[in-house]
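One structure below.
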Amino acid sequence: MKRISVIGSGTMGNGIAHTFAQFGYQVNLIDINNEALERAINTIEKNLGRQVSKGTITETQKTDTLKNITVFTDMQSGVANAELVVEAATENLDLKLKIFRDLDSFANPEAILASNTSSISITKIASVTNRGDKVIGMHFMNPVPVMKLVEVIRGYATSDETTTTVMELSKKLEKAPVEVNDYPGFVANRILMPMINEAIYTLYEHVAGVEEIDTVMKLGMAHPMGPLQLADFIGLDVCLAILRVLHDGFGNPKYAPCPLLVNMVAAGNKGIKSGEGFYNYAGGVKEAKVAAKFSI
Ligand SMILES: NC(=O)c1ccc[n+]([C@@H]2O[C@H](COP(=O)([O-])OP(=O)(O)OC[C@H]3O[C@@H](n4cnc5c(N)ncnc54)[C@H](O)[C@@H]3O)[C@@H](O)[C@H]2O)c1
């Protein structure tokens with residue numbers, strides 16, 4: 001396998017394109033407009049520069065990696081020759097179903113169609129194509145060039161052959177693939193999101209403050225980052241959306257999002273991306289914000 005198309009050039013898409021290109025694959029990177037693609041190439045260049053200064057790649061590898069990436073705004077031409085398509089567009093069910101319907105008609109019938117979705121059912125995505133056996137989840141972690149895990153998600157119809165191909169391919173990117181079945185939240189978010197939700201409940205019920213909760217988990221459990229800070233990094237809106245997928249998918253009240261999280265998202269406090277979440281990021285300084293006005 002040599003030719004990979006990546007759909008969506010945002011946070012994840014540019015990291016996925018960077019990683020495949022660094023390992024010698026020909027990558028077509030597709031987004032809806034040139035501005036997004038320009039931003040993505042700048043980000044990739046900057047991140048490759050960081051790898052050069054750390055000595056993990058050479059200047060020649062940086063140049064070769066950039067040469068391996070071609071950008072497209074037209075999906076049909078961008079996926080025409082692909083052996084694998086990795087979709088990393090915005091997390092929205094209708095959008096993903098439309099993209100996979102189109103991919104099924106535009107891509108070579110032999111091509112594997114993968115989604116990097118954090119929470120949408122791979123089985124559901126596969127159901128709008130005529131190649132359910134070739135549809136699979138390839139859930140990279142952020143930042144993609146650094147994080148080792150790839151959660152490889154088998155939909156109901158995904159074949160053994162497709163799964164083996166994607167597992168082997170992930171190893172060629174020097175990643176550690178883990179095979180999981182398609183149920184809400186897969187493994188990563190099914191475990192992570194309830195922990196984050198419980199941390200928010202702990203704050204909501206005044207058991208401890210923001211920094212105290214994060215310190216307990218960092219120093220007591222050796223987590224590199226506390227759960228509230230991690231929620232700010234992921235985006236509180238994203239955390240809420242994934243909790244809703246778990247809650248709806250399992251019909252189990254244990255996944256109900258904490259009302260404090262719901263209130264913070266409704267108020268526009270989405271974490272780093274909005275400048276305020278459990279911490280305040282104004283002026284580049286991270287200060288714990290006591291979300292008391294929202295709690296009971
Ligand atoms: N951000 C994370 O930490 C993270 C981690 C794992 C998985 N994911 C998943 O990865 C996917 C992408 O997330 P992200 O954080 O990179 O989002 P993002 O908003 O940074 O980027 C999404 C990109 O998709 C583009 N896009 C939208 N519609 C498109 C279309 N029809 N064709 C081509 N491009 C289109 C947008 O213009 C944007 O550039 C989502 O499914 C998300 O759940 C995100």
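Since this is a predicted model, take the numbers as computed values, not measurements.
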Practice problem: May I ask you to say whether D94 pairs ionically with K98, meaning some side-chain N is under 4.0 Å from a carboxylate O? | Solution: no

Quiz prompt | salt bridge (Lys or Arg N to Asp or Glu O under 4.0 Å) evaluation trace for K134 with E161 | solution = CA-CA 9 Å; K134 294 194 173 62; E161 192 187 342; over 6 Å; no

Kindly compute the distance separating [atom1] ([X]) from [atom2] ([Y]), expressed to the nearest 0.5 Å.
X    : Y    : atom1 : atom2 : answer
D237 : N269 : CG    : CG    : 11.0 Å
F278 : I196 : CZ    : CD1   : 9.0 Å
M264 : C239 : CE    : SG    : 10.5 Å
N108 : R131 : CG    : CZ    : 7.0 Å

Do [X] and [Y] come within less than 4.5 Å of each other through their side chains, counting heavy atoms only?
X    : Y    : answer
E91  : S119 : yes
K172 : F23  : no
L29  : L37  : yes
V178 : E151 : no
M225 : M217 : no
R190 : P184 : no
L173 : V150 : no
K273 : V238 : yes

Quiz item: With a 3.5 Å cut-off and no angle check, do the side chains of Q51 and Q61 form a donor-acceptor pair?
Solution: no

Practice problem: State whether the number of non-hydrogen atoms from other residues, nucleotides or ligands found under 6.0 Å of K96 atom NZ is greater than 12. | Solution: yes

Practice problem: Please say whether more than 12 non-hydrogen atoms of neighbouring residues, nucleotides or ligands are located less than 6.0 Å from CZ in F250. | Solution: yes

Exercise. Run through L240, D232, I234 and flag the one making a side-chain contact (heavy atoms from CB on, under 4.5 Å) with L236.
Key: D232

Quiz item: Parallel, tilted or perpendicular for Y201 and Y204, by the 30°/60° rule?
Solution: perpendicular

Treating [X] as the side-chain partner and [Y] as the backbone partner, does any N or O pair qualify as donor plus acceptor under 3.5 Å?
X    : Y    : result
T56  : V52  : no
K171 : P177 : no
T158 : V135 : yes
T73  : N34  : no
N68  : A21  : yes
T129 : D104 : no
N28  : F72  : no
E83  : R3   : yes
K175 : M167 : no

Side-chain heavy atoms under 4.5 angstrom apart, residues restricted to Ile, Leu, Val, Met, Phe, Trp, Tyr: same cluster for [X] and [Y]?
X    : Y    : result
L103 : I153 : yes
M75  : I41  : no
F100 : M12  : no

